[in-house]
Protein chains: 2
Amino acid sequence: MSSTSRAPHTAPETAERIRDTAITEFAARGFSSTTVRGIAAAASVSPGLVIHHFGSKAKLRAACDDHVFETLTDIKRENPQAPPSLLAELLTEGPMRTYVEYFLKSMLDPSGQGQRFFDHYVAVLEQIIGEGFAGYAFRQAEDRRAQSTAIAVLALSPMLLEPRVRHALGTEDLAGSLARLAPCLLDLYRHGFITSEPDRQDLSTPSAAPGGRHDAPPAGPEGEASTTNEGDQR
Amino acid sequence: MSSTSRAPHTAPETAERIRDTAITEFAARGFSSTTVRGIAAAASVSPGLVIHHFGSKAKLRAACDDHVFETLTDIKRENPQAPPSLLAELLTEGPMRTYVEYFLKSMLDPSGQGQRFFDHYVAVLEQIIGEGFAGYAFRQAEDRRAQSTAIAVLALSPMLLEPRVRHALGTEDLAGSLARLAPCLLDLYRHGFITSEPDRQDLSTPSAAPGGRHDAPPAGPEGEASTTNEGDQR
DNA sequence: CGAGAGGTTGAACTCATGTTCAATATTGAA
DNA sequence: TTCAATATTGAACATGAGTTCAACCTCTCG
C-alpha cells in the first residue's frame, strides 16, 4: 500500500516495515501470542510475504532481536553521559519504549537473544558499579558479579511487573507507575529498607558483605527468599 | 490406571490428581504452553476426562489458581512466626516449590487471579512493614502503599529472572542462584547500593518526576529507570 | 440380578496457526 | 518492447490444540 508509492522494484522498505511491525507486535503481545497473520495484517501485507522475506517466524524474531539489540546499544552510545533522568524519559516515553518493552519480553521468554541482552546488561552494570557513573558511586561487594546481577534483576523488575503495580496502585500508565514507585526505589537504593534485625547468635552472618565468591559461607538465611516469605506471612 | 485400584465409582481422587498434575504442568511450562493433552498424558487419563471434570482449560486453570492460593495462604498460617530462613527452605526446596513457581507464572500472565495474588502479597507486606516481623524493623516511607509495592516487586524479581541469573552466574539451580545472590541482596536491603551522588542544582526540580503523585518528595530522578539506563550505558 | 448413574475412553470435529505454492503484478535491464 | 527477476498475493496444506460426543466400563442400589 503505502510502500508501493515509494518502493522501487526491490523493496527493502517493505521488509523493514514488516520487521518494525513485528517488533511492535512482539513487544505488545509477547512472542508466542503474536501470530504471523497478525503481523501481516498490522503491516497490511499477506502472511505469505512475511515468510517470504524472513523464512519463518523464528527467523523473523531473530531479525527483530538483532535490530532491537543494536538500536538499544546505539542509543546509549549516542547519549553517553546523559543524566539518568533524561535517559529515563527517553526510554519510557519516546519511541524507544517499544524497544524497551521488547527487551523486557525477551527477558521473560526463554531465548538465546534474551540471555544475550541480560548478560550484556550485567556486564555494563558491573563496569558502572566499579567505576561509578555520572557522579554516582556504588557499594563494592566482594562478589561483584553477583552484585551486578542482583542489581540488574532489581532494576528490571518494576517494568516487568508494571501491569501488577498499575492495578495495585491505581496508576494510569507505565510512566505513572514508575513515578509513584520512584521515591521508594531511590530511597531503597540509597539506604535499604531494613532498619534493625533480631539478635541471633545461631544465625549470625558476616554483616557487611558476606558474599565470598563460591567459597561463600552458608551465609544464613537467603536474603531474597526470606523477603518473599515475609510476604506470604501473615 | 493407578486410580482404578483405589477409587470407587465416584472418584474425586481422579479430579484432584488431574488438578495437581495441571498445577505442576502450568508451573513448569506456563499457561499458554501447557496443553490439555499434556496434562492428560501426565495424569494418565484421556484429554476428554480433563474437560469432563473441569469443563474447559480455563476453568481448570481457575481451579488450580484457587487451590494454589489457598495452599500458599495456609502455609504461612501454619508457620506464623517461623524465621525467614526456614520459610525460605520450605518454599524453595520442599513440595511448595511447585506452588511458588505457579505463583510466579501467574504473576507474569495477565489474569485476574495473578493480580489477586499480587495484591494480597502487597497487603501483607504493608502490614509487615508497618508492624515489623520476626524482629526485623523496616524503614517507613510516606507513601507506604508504594513502598510495599516496590518491595514486593523487588522481592519477586530474583525468582522471576532466575533462569537468566543462572546463566549469568553459572549456578546450577534455583537454590544455587538464590544462595549466590543472597548476600548481595541482603546487603542491599540493609544499606542500599548508592554511596554518593553528584551535586546537582539544576536537576533538583520536580522535572525528574513527571506525574508526581500526591505529596511524595520529588527525590530526584526515577530510581528504577535511571538504573535501567545506566545499564544500557556504555 | 438388573438398571441406572457417573467415570472414562478414543475418535472426531472445529478452529487457529505456520508454512507452501502456483499464479500474478511490478520493476529494472537488455 | 521484451525479458527475467523479484515482490506480492490468495488459496491450500499440515499440524496442533480445545472441545464434543457416543459408546464402554464400573460401581451402587433396588
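Numbers restart at 1 for each chain; the letters A, B, ... are given by sequence-line order, proteins then strands.
With hydrogens and angles left out, the side-chain atoms of B:Gln113 and B:Arg116 include a donor and acceptor closer than 3.5 Å. A:Glu162 and A:Ser177 form a side-chain donor-acceptor contact under 3.5 Å, judged by distance and modelled atom types alone.
Nucleotide C:dT19 holds its C1' atom 12 Å from the NZ atom of A:Lys59, rounded to whole Å. When the C1' atom of D:dT19 is taken as reference, atom CD1 of B:Ile39 falls 14 Å away, rounded to whole Å. Rounded to whole Å, atom P of C:dG18 lies 14 Å from atom CZ of A:Phe31. Spacing between atom CZ of B:Arg17 and atom P of C:dG7 amounts to 14 Å, rounded to whole angstrom units. The NZ atom of B:Lys57 sits 9 Å away from the P atom of D:dA17 (whole-angstrom rounding). One can place CZ of B:Phe54 at 16 Å from P of D:dT20, the figure rounded to the nearest angstrom. Atom pair B:His53:NE2 and D:dG18:C1' shows a separation of 17 Å (rounding to whole Å applied).
With C:dT9, D:dT9, D:dA7 as the candidates, the nucleotide lying closest to the side chain of B:Ser46 is C:dT9. For B:Ile51, the listed nucleotide lying nearest its side chain is D:dT19; candidates were D:dT19, D:dT8, D:dT9. Side-chain proximity of A:Pro47 to the nucleotides C:dT19, C:dT8, D:dT9 is greatest for C:dT19. Residue B:Leu49 places its side chain closer to C:dT8 than to any other of C:dT19, C:dT8, D:dT19.
Put simply, B:Ser56 has no side-chain N or O that comes within less than 4.0 Å of OP1 or OP2 on D:dG18. Here B:Thr35 does not reach the OP1 or OP2 of D:dG16: none of its side-chain N or O atoms lies under 4.0 Å away. Residue B:His52 places none of its side-chain N or O atoms closer than 4.0 Å to OP1 or OP2 of C:dT8.
Within the 4.0 angstrom heavy-atom criterion, no nucleotide atom of any strand lies near A:Ser33. Contact annotation for A:Ser32: no contact, since no heavy-atom pair falls under 4.0 Å across all strands.
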Next item on the list: Check step by step if salt bridge (charged side-chain N to carboxylate O under 4.0 Å, His left out) holds for A:Lys105 and A:Glu101.
Entry: CA-CA 6 Å; A:Lys105 286 295 192 316; A:Glu101 288 183 2; 5.6 Å; no
Checklist line | side-chain contact (heavy atoms from CB on, under 4.5 Å) assessment of A:Thr98 paired with A:Asp20 | finding: CA-CA 10 Å; A:Thr98 301; A:Asp20 293 342; over 6 Å; no
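B:Phe69 pairs in a ring-ring contact (aromatic ring centres under 6.0 Å, His included) with only one of the listed residues (B:Phe117, B:Tyr121, B:Tyr102, B:Phe103), which is B:Phe117.
No N or O donor and acceptor, one from the side chain of B:Arg37 and one from the base of D:dG16, sit under 3.5 Å apart.
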